[in-house]
S.K.: 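Structure incoming, see below.
We use all heavy atoms of the structure for the numbers below, so side chains are in, but hydrogens, waters and symmetry mates are not.
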Amino acid sequence: MQKTVHLNDKRVTTGWCMYDWANSVYSLTITTAVFPIYYEAVTTSESGNKTVEFFGLTLPNTVLYSYALSASFLITALLIPLLSGIADYSGKKKLFLRAFAYFGALACGGMYFFIGDNVEFGILMAVLASIGYSGSLVFYDAFLPEIATVDQYDKLSAKGYSLGYIGSVILLILNLLMIEKPEWFGIPEGSLPARIAFVTVAAWWIGFSNFALRRLPTNPYNKKTEGRWVSNGYRELKKVYRQIRQLPDMKRFVVGFFFYNAGVQAVMYLASLFGAKELEMATGELILTVLIIQLVAIGGAYGFAFLSKKRGNIYSIATMIIIWVVVCLLAFFVSTSVEFYGLAFLVGLIMGGIQSLSRATFSKLIPADTTDHASFFSFYDVTFNVSIVFGTLAYGVIEHLTGSMRYSALGLSVFFILGFLLVRRTRVSR
């Protein structure tokens, strides 16, 4: 099928990277920094009680949050495969990207109305925002093989993640100033500054998404739709999954990715709660930790892309997985803020690299002659989402049983070890 986009067009690739800039503010402000800390604060009573009522159930606040994240990613995993098949059949990836981005951003804006006594509403907004974010990534990632040549995947993926880290840090600093010095902005102290931060995420995400969407191709393969989208989308998905059965290295990599990504995402989503609950760190200290991770991750993404160029993708990913195991072991023993900052530096070094190289590696495993990139990436992103379900669920269950997040962190090392054993046997030929 004839393509209408020139590969490596700088205007298009920059637009693609800018969606990372747009959506990463959700990943940083909502999932990692401000919202988890805000949630912990407003769901802890004046007497220090950290249990909450959720539709008649009584749960520790952090356990409920872990379970809610697990539910959001499970819902996304059920939705995405069929939608990706429809997107591939119709050539409407950009339409689906826009829909999920707007949906997630509006849910972030809805968090403004979460004030602590309406826990059910706050958790619902968190789940919907997560679905919007995760769903948009499937269609966003699927553009990579359509706008660049194979030799540019590692570098372009790293550039996207790096721009995301930079953009999210800029907004986080602005929000941090607003939270710590509300009088500078004419805002009263209390919960309002954090709630306004959620609205800024929504505005940033929608605004810069539009910049990216204007540059991304609408239908690069000029696909013509005939008949029913749903039934034809389902057939498109079945065709791709039959192809995947014939690709042993792709299957091996994705299973390994399932395990190590479960650990990576659990650390990313729950690190702030770990610092708040286990080390009793103040909000300013926790956000400083997040800033360290984000800034170091920029160098990590490019550094491991360079290592990949010299030694290959699998070597780079396996190296990072070993470091992740060390992080889990150290987290069990960390006891001071300074030690936690050091651990954050190590996490940042490997977080950017493992995320960008995982996406680039999977792109290289997709057959060169296919046009069904969204369906192939649905396989990757369903794995991504289900792995987060297992990672955050395991984290929450271990804390529930042991009463300590330290054992949860230690338990995540098992996911990384299993991922290492599978990934190191993968061969990337493209």
Side-chain angles (χ1 to χ4, degrees), residues 20-44 62 65 104-105 107-116 122 125-126 129 133 161-208 267-300 336-345 347-348 351-352:
D20 256 317
W21 172 285
N23 71 30
S24 291
V25 294
Y26 162 83
S27 184
L28 181 57
T29 300
I30 303 299
T31 67
T32 308
V34 179
F35 183 75
I37 297 168
Y38 174 80
Y39 170 82
E40 166 78 8
V42 299
T43 55
T44 300
T62 50
Y65 188 63
C108 290
M111 291 176 181
Y112 175 86
F113 300 101
F114 172 44
I115 55 175
M125 289 299 102
Y133 172 76
Y161 272 106
S162 296
L163 280 175
Y165 296 137
I166 295 168
S168 57
V169 164
I170 291 171
L171 186 61
L172 181 62
I173 290 173
L174 175 64
N175 286 330
L176 179 58
L177 287 172
M178 188 166 57
I179 291 167
E180 295 295 320
K181 300 289 183 181
E183 65 275 11
W184 291 2
F185 300 85
I187 301 170
E189 294 184 0
S191 67
L192 185 60
R195 289 159 53 213
I196 291 175
F198 306 148
V199 177
T200 66
V201 169
W204 181 290
W205 191 354
I206 290 175
F208 286 108
V267 171
M268 288 176 59
Y269 278 87
L270 300 164
S272 295
L273 292 178
F274 181 95
K277 197 166 188 177
E278 295 295 332
L279 304 179
E280 298 183 349
M281 294 173 69
T283 299
E285 292 178 308
L286 291 170
I287 294 181
L288 177 59
T289 303
V290 172
L291 287 173
I292 291 171
I293 292 173
Q294 295 296 115
L295 293 172
V296 175
I298 298 167
T336 67
S337 299
V338 174
E339 291 173 351
F340 197 65
Y341 293 149
L343 200 61
F345 183 92
V347 168
M351 185 180 75

S.K.: What's the separation between atom OG in S27 and atom OH in Y161, rounded to the nearest 0.5 Å?
M.R.: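 It is 8.5 Å, given to the nearest 0.5 Å.
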S.K.: My understanding is that only residues two or more places apart in sequence, or in another chain, count here; which of them pass side chain to side chain contact (heavy atoms under 4.5 Å, CB included) with P193?
M.R.: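 For P193 the side chain to side chain contact (heavy atoms under 4.5 Å, CB included) partners, ignoring immediate neighbours, are M178, I179, P182, I187.
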S.K.: Stepwise, does the side-chain contact (heavy atoms from CB on, under 4.5 Å) test hold for L171 with L28?
M.R.: CA-CA 9 Å; L171 186 61; L28 181 57; over 6 Å; no
S.K.: Does F114 form a side-chain contact (heavy atoms from CB on, under 4.5 Å) with V42? I'd like the steps, not just the answer.
M.R.: CA-CA 9 Å; F114 172 44; V42 299; 3.9 Å; yes
S.K.: For E285, enumerate each residue passing the side chain to side chain contact (heavy atoms under 4.5 Å, CB included) test, keeping only those at least two apart in sequence or located in another chain.
M.R.: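 Listed in chain order: M281, A282, S337, Y341.
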S.K.: Do the ring planes of W204 and W21 sit parallel (below 30°), tilted (30 to 60°) or perpendicular (above 60°)?
M.R.: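 Parallel, since the angle between the ring planes stays under 30°.
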S.K.: Write down the atom of V201, the atom of C108, and the distance for their closest heavy-atom approach.
M.R.: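 Distance-wise, the nearest heavy atoms are CG1-SG, 4.0 Å.
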S.K.: Give, for atom OG1 of T200 and atom CG of N175, the distance between the pair rounded to the nearest 0.5 Å.
M.R.: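 CG of N175 is found 3.5 Å from OG1 of T200.
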S.K.: Which atom names give the shortest non-hydrogen contact between V34 and A194, and what distance separates them?
M.R.: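 Here V34 and A194 meet closest at CG1-CB, 4.2 Å.
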S.K.: Output all residues satisfying ring pair (Phe, Tyr, Trp, His ring centres under 6.0 Å) with Y112, sequence neighbours left out; order by chain, then residue number.
M.R.: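 For Y112 there are no ring pair (Phe, Tyr, Trp, His ring centres under 6.0 Å) partners, ignoring immediate neighbours.
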S.K.: I'd like to know whether CD of E280 has more than 12 heavy-atom contacts from other residues, nucleotides or ligands below 6.0 angstrom.
M.R.: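 Counting other residues, nucleotides and ligands, CD of E280 stays at 12 neighbours or fewer.
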S.K.: For the atom pair CZ (F274) and OG1 (T289), what is the distance rounded to the nearest 0.5 Å?
M.R.: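 Rounded to the nearest 0.5 Å, the CZ-OG1 separation comes to 11.5 Å.
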S.K.: Report the distance from atom CD1 of I30 to atom OG of S168, rounding to the nearest 0.5 Å.
M.R.: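 If we round to the nearest 0.5 Å, I30:CD1 and S168:OG are 12.0 Å apart.
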S.K.: Work out which heavy atom in F35 is nearest to a heavy atom in G122; give both atom names and the distance.
M.R.: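 For F35 and G122, the tightest heavy-atom pair comes out as CZ-O, 4.2 Å.
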S.K.: How long is the gap from OH on Y165 to CD1 on I170, to the nearest 0.5 Å?
M.R.: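 Interatomic distance, Y165 OH to I170 CD1, rounded to 0.5 Å: 15.5 Å.
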S.K.: Are more than 12 heavy atoms, taken from residues, nucleotides or ligands other than F185, located less than 6.0 Å from that residue's CZ atom?
M.R.: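 Enclosed.
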S.K.: Identify the two heavy atoms, one from M351 and one from A297, that lie closest to each other, and give their separation to 0.1 Å.
M.R.: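 The pair with the smallest heavy-atom distance is CE-CB, 4.0 Å.
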S.K.: Measure the CD1-CG distance between I115 and L192 for me, rounded to the nearest 0.5 Å.
M.R.: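 Going from CD1 on I115 over to CG on L192, the span is 11.5 Å.
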S.K.: Would you please classify the geometry between the W205 ring and the Y133 ring as parallel, tilted or perpendicular, with 30° and 60° separating the classes?
M.R.: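 Answer is perpendicular, since the angle exceeds 60°.
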S.K.: For the residue pair Y38 and F198, is the inter-centroid distance of their aromatic rings smaller than 6.0 Å?
M.R.: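 Centroid separation for Y38 and F198: below 6.0 Å.
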